[in-house]
Amino acid sequence: MEPGFTYVYFNKRKNFGRQPMFSEVPVTLIDSIHPDKSEQNLYCLRNPVNHETQTSNNCSNHYVNTKITTYCDQGVEHVEGGWPKDVSLNDEEATFRYRRRTEREEMYCNAIMNTYSQFEHYIQQNNAINMYNMYFKEIDSQHPVEKYSIRTGKVSTDKDKRPVASICWTCEDDSKLVAAYCNKKYPITGDVNKNFECFVWDIEYPKEPYEYFKPPSACWQIVCSPSFPKVIFGGLQDGRVSIFDIREQNEPVVLSPMHLAHRDPVSTLQFMHSRLNTEFFSGSSDGKCMWWDIRNMSQPTDELIMSVRYPSIDKASLADSEGVSALQFDRSFPTKFLCGTDTGLVINVNRKGKSHAEIMSAVLNAHIGPVRAVHRSPCSAKIFITCGDWTTNVWSDDVRTAPIICGKAQRNQISDVIWAPHRVSGYMSVSIDGRFRYWDLLRKHHEPVLAVKISKYPLSKVIMNENNHLIAVGDMNGTLKLIRLSENLVWSEEKDKSLMMQCFERETRREHILETRVKEIRLKQKAEEEAEFELVDEDIIIRNAEIDYLRTITEEKQKCDTFTDRSGDRSHKMPAR
Amino acid sequence: MANEAEETIRKLATHKGVVGVIVVNGEGIPIKTTLDNHVSVQYAGLMSALVDKAKSVVRDLDPTNDLTFLRIRSKKSEVMVAPDKDFILIVVQNPVD
């Protein structure tokens with residue numbers, strides 16, 4: 001641009017945007033430019049005209065340069081700071097005086113008095129104990145002690161309120177309860193049982209039975225097959241043994257023949273755990289035990305008459321046999337089993353005996369009434385528990401005369417007893433007052449660890465499932481209740497097993513000692529009796545001695561007389577005697 | 001008043017395990033001490049800074065709160081600091097084991 005066309009003027013920034021103050025000046029002609037036509041032709045009219053507009057603040061572009069500030073890193077040497085200006089650091093007297101002065105100040109004294117109590121407290125605390133130390137870190141934390149408790153679970157009731165005769169758990173993982181109902185009273189006026197149905201209950205759904213099956217007569221005893229969950233064995237009131245297969249039908253699949261069956265209701269069934277799991281045996285109050293093979297139920301494989309008191313002809317007959325009320329078979333003794341009778345005896349039967357006496361190898365006087373249950377202990381095969389009348393007794397195979405642990409007589413009759421399968425020292429009993437009792441031989445000897453009233457009616461059966469630790473209890477009103485134990489009742493503690501073995505051993509030894517002592521006393525008595533016979537002999541000897549003595553005296557006298565006769569009449573003559 | 005203060009400090013120092021007592025004023029000068037001078041000066045300088053920091057921490061977290069006491073536990077000893085309005089009291093104690 002030519003320099004003539006610019007007009008430069010200076011204005012302060014603060015005056016930007018100010019209202020222009022006009023002042024009136026006379027009119028002067030600054031310049032006059034005439035239009036040049038030739039120049040005009042160089043331009044043409046533009047239509048339309050494009051023009052941008054923008055409504056915004058008008059700003060001016062502007063560069064600023066600030067003053068440069070220089071930074072530098074610098075260390076500070078702290079000597080003693082804070083001294084007022086007039087007091088020099090090194091002047092000892094001045095510092096001393098300054099200090100003294102501040103000590104006299106009121107605030108100083110207040111400060112000290114106020115904080116003194118805190119200090120004292122903490123100092124003494126530190127002196128008392130090192131509180132930042134971790135104490136007891138070497139000692140292991142103890143196991144929390146759990147209280148014994150049980151919880152009653154779901155309840156399944158029978159519509160007809162028949163008493164529970166027998167309960168069993170099926171062998172599958174999701175165990176079901178099989179229950180047989182019947183009234184075991186003797187049918188005096190007529191048949192006591194009208195409805196023979198037995199149920200299989202699912203524990204999750206107790207309102208309705210899961211399945212049911214119907215035997216031809218009332219079922220007294222039920223046993224579930226250990227290999228097939230749907231196969232159930234039942235012992236019936238008419239003495240027959242039946243096999244049910246629930247998958248197929250509700251009626252029994254196989255029945256034992258009537259003529260070969262028991263003559264009385266089957267009171268107990270027991271499975272024999274063999275390799276093939278095909279054998280089981282049954283006992284009844286007619287005094288016979290019969291062995292059955294499930295493959296061929298047309299006849300029993302073996303029979304045994306339970307008679308112990310018989311005239312010594314060595315032949316047993318049903319006439320003097322004892323009714324069987326409980327059986328127990330243990331895998332550890334495959335040829336032996338325990339049998340409890342209606343008369344209160346427990347017989348340890350050895351199947352491989354040659355004579356009948358050998359077969360009934362041991363007879364124990366267990367209870368006053370029928371033996372209601374016999375079970376071997378899961379921890380020690382030699383020990384078994386029996387229950388009957390009002391007591392439960394623990395016996396050992398070695399001792400035949402008395403139980404090694406005598407249970408205390410309870411107020412009510414005990415109807416069933418079982419060992420706790422995983423807890424070495426525990427067993428459970430149910431009685432006719434409706435109470436469930438859990439006993440622990442190591443912890444409390446004379447009373448149960450736990451006694452809970454389960455039902456208003458007498459309880460008849462109890463059975464425990466080894467896998468899910470549930471206990472099923474049946475009562476006389478047809479109700480089945482499930483009981484759950486607290487964990488510490490299910491499992492034993494560490495030293496339980498050895499302590500229990502020691503306890504059993506000790507009791508067995510005590511009984512042994514008592515037995516031998518009793519034998520000794522008896523022997524002594526016998527010896528004394530024989531000694532009396534000898535006394536009688538002595539009398540005769542004495543008499544003989546007297547007679548001898550008198551004889552010798554008379555002889556001597558006679559000799560004397562003849563001597564005096566020969567000597568003349570030295571003395572008065574004695575009349576010859 | 002001053003005598004009482006003197007007495008109190010003496011009592012503090014005679015407690016079992018106490019190594020030393022220092023009273024520091026607002027400017028960081030150890031006014032009264034039972035330890036050597038250079039040790040006291042060290043404590044005074046270091047503690048003042050720490051107490052200020054601690055105070056600011058407490059008040060930042062909750063403005064209505066205030067620092068009442070500071071205890072520093074180390075392997076060999078324990079330092080207890082009580083801030084007052086203008087002064088700081090420091091007690092060094094050896095723990096009893």
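In what follows, chains carry the letters A, B, and so on, assigned in the order in which the sequence lines appear, proteins first and then strands, with residues in each chain numbered from 1.
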Chemist: Report the distance from atom CZ of Phe69(B) to atom NE2 of His121(A), rounding to the nearest 0.5 Å.
Modeler: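 Spacing of CZ (Phe69(B)) from NE2 (His121(A)) equals 9.0 Å.
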Chemist: Do the non-hydrogen side-chain atoms of Gln93(B) and Tyr122(A) ever get within less than 4.5 Å of each other?
Modeler: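 Answer no - side chains too far apart.
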Chemist: What is the minimum heavy-atom distance between Pro30(B) and Arg99(A), and which atoms define it?
Modeler: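 Looking at all heavy atoms of both residues, the closest pair is O-NE, 2.7 Å.
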Chemist: Going through the distances and angles, do Gln124(A) and Lys16(B) end up as a side chain to side chain contact (heavy atoms under 4.5 Å, CB included)?
Modeler: CA-CA 8 Å; Gln124(A) 283 174 341; Lys16(B) 185 169 168 206; over 6 Å; no
Chemist: Take atom CZ in Arg509(A); do more than 12 heavy atoms of anything else shown fall under 6.0 Å from it?
Modeler: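 Not more than 12 within 6.0 Å, no.
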Chemist: Using the side chain to side chain contact (heavy atoms under 4.5 Å, CB included) rule, take Met80(B) and Asn126(A) through it: C-alpha gap first, then chi angles, then the decisive distance, then the call.
Modeler: CA-CA 11 Å; Met80(B) 292 177 270; Asn126(A) 278 340; 3.9 Å; yes
Chemist: Name the region of Lys85(B), side chain, backbone, both or neither, that has any atom closer than 4.5 Å to a heavy atom of chain A.
Modeler: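 Answer is side chain: those atoms of Lys85(B) sit under 4.5 Å from chain A.
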Chemist: When heavy-atom pairs shorter than 4.5 Å are enumerated against chain A, which of Val21(B), Asp86(B), Asn25(B) gives the highest number?
Modeler: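 The residue among Val21(B), Asp86(B), Asn25(B) with the greatest pair count is Asp86(B).
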Chemist: Flag the one option from Asn114(A), Ile123(A), Thr115(A), Asn110(A) with the top tally of heavy-atom pairs under 4.5 Å to chain B.
Modeler: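 The answer is Ile123(A).
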Chemist: Measuring from atom CD of Glu27(B) to atom OG1 of Thr102(A), what distance do you get when rounded to the nearest 0.5 angstrom?
Modeler: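 One gets 10.0 Å once the value is rounded to the nearest 0.5 Å.
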Chemist: Using 0.5 Å steps for rounding, measure from the CG atom of Asn94(B) to the CG atom of Asn127(A).
Modeler: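 Answer for the CG-CG pair, Asn94(B) versus Asn127(A), is 10.0 Å.
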Chemist: Name the option with the most non-hydrogen atom pairs under 4.5 Å to chain B; the candidates are Arg104(A), Glu105(A), Glu120(A).
Modeler: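 It is Glu120(A).
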Chemist: Considering non-hydrogen atoms only, spot the tightest contact between Tyr116(A) and His15(B) and give its length.
Modeler: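 Closest approach of Tyr116(A) to His15(B): OH-CE1, 4.0 Å.
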Chemist: Please determine, among Val91(B), Val23(B), Ile31(B), the option with the most heavy-atom pairs under 4.5 Å with chain A.
Modeler: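 If we count pairs closer than 4.5 Å to chain A, Ile31(B) comes out on top.
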Chemist: If every non-hydrogen atom of Tyr108(A) is compared with every non-hydrogen atom of Ile9(B), which pair is closest and at what distance?
Modeler: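 For Tyr108(A) and Ile9(B), the tightest heavy-atom pair comes out as OH-CD1, 3.7 Å.
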Chemist: Might you point out which heavy atoms bring Thr68(B) and Gln118(A) nearest each other, and give the distance in Å?
Modeler: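 Closest heavy-atom pair between Thr68(B) and Gln118(A): O-OE1, 3.8 Å.
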Chemist: Can you confirm whether more than 12 heavy atoms, excluding those of Lys453(A), are under 6.0 Å from its NZ atom?
Modeler: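 Yes, NZ of Lys453(A) has more than 12 neighbouring heavy atoms, counting only those of other groups under 6.0 Å.
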Chemist: Got a sec: does the CD of Glu106(A) have more than 12 other heavy atoms crowding it under 6.0 Å?
Modeler: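 Incorrect, the count does not exceed 12.
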Chemist: With a 4.5 angstrom heavy-atom cut-off, could you sort out which part of Met113(A) is near chain B: side chain, backbone, both or neither?
Modeler: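 Side chain only.
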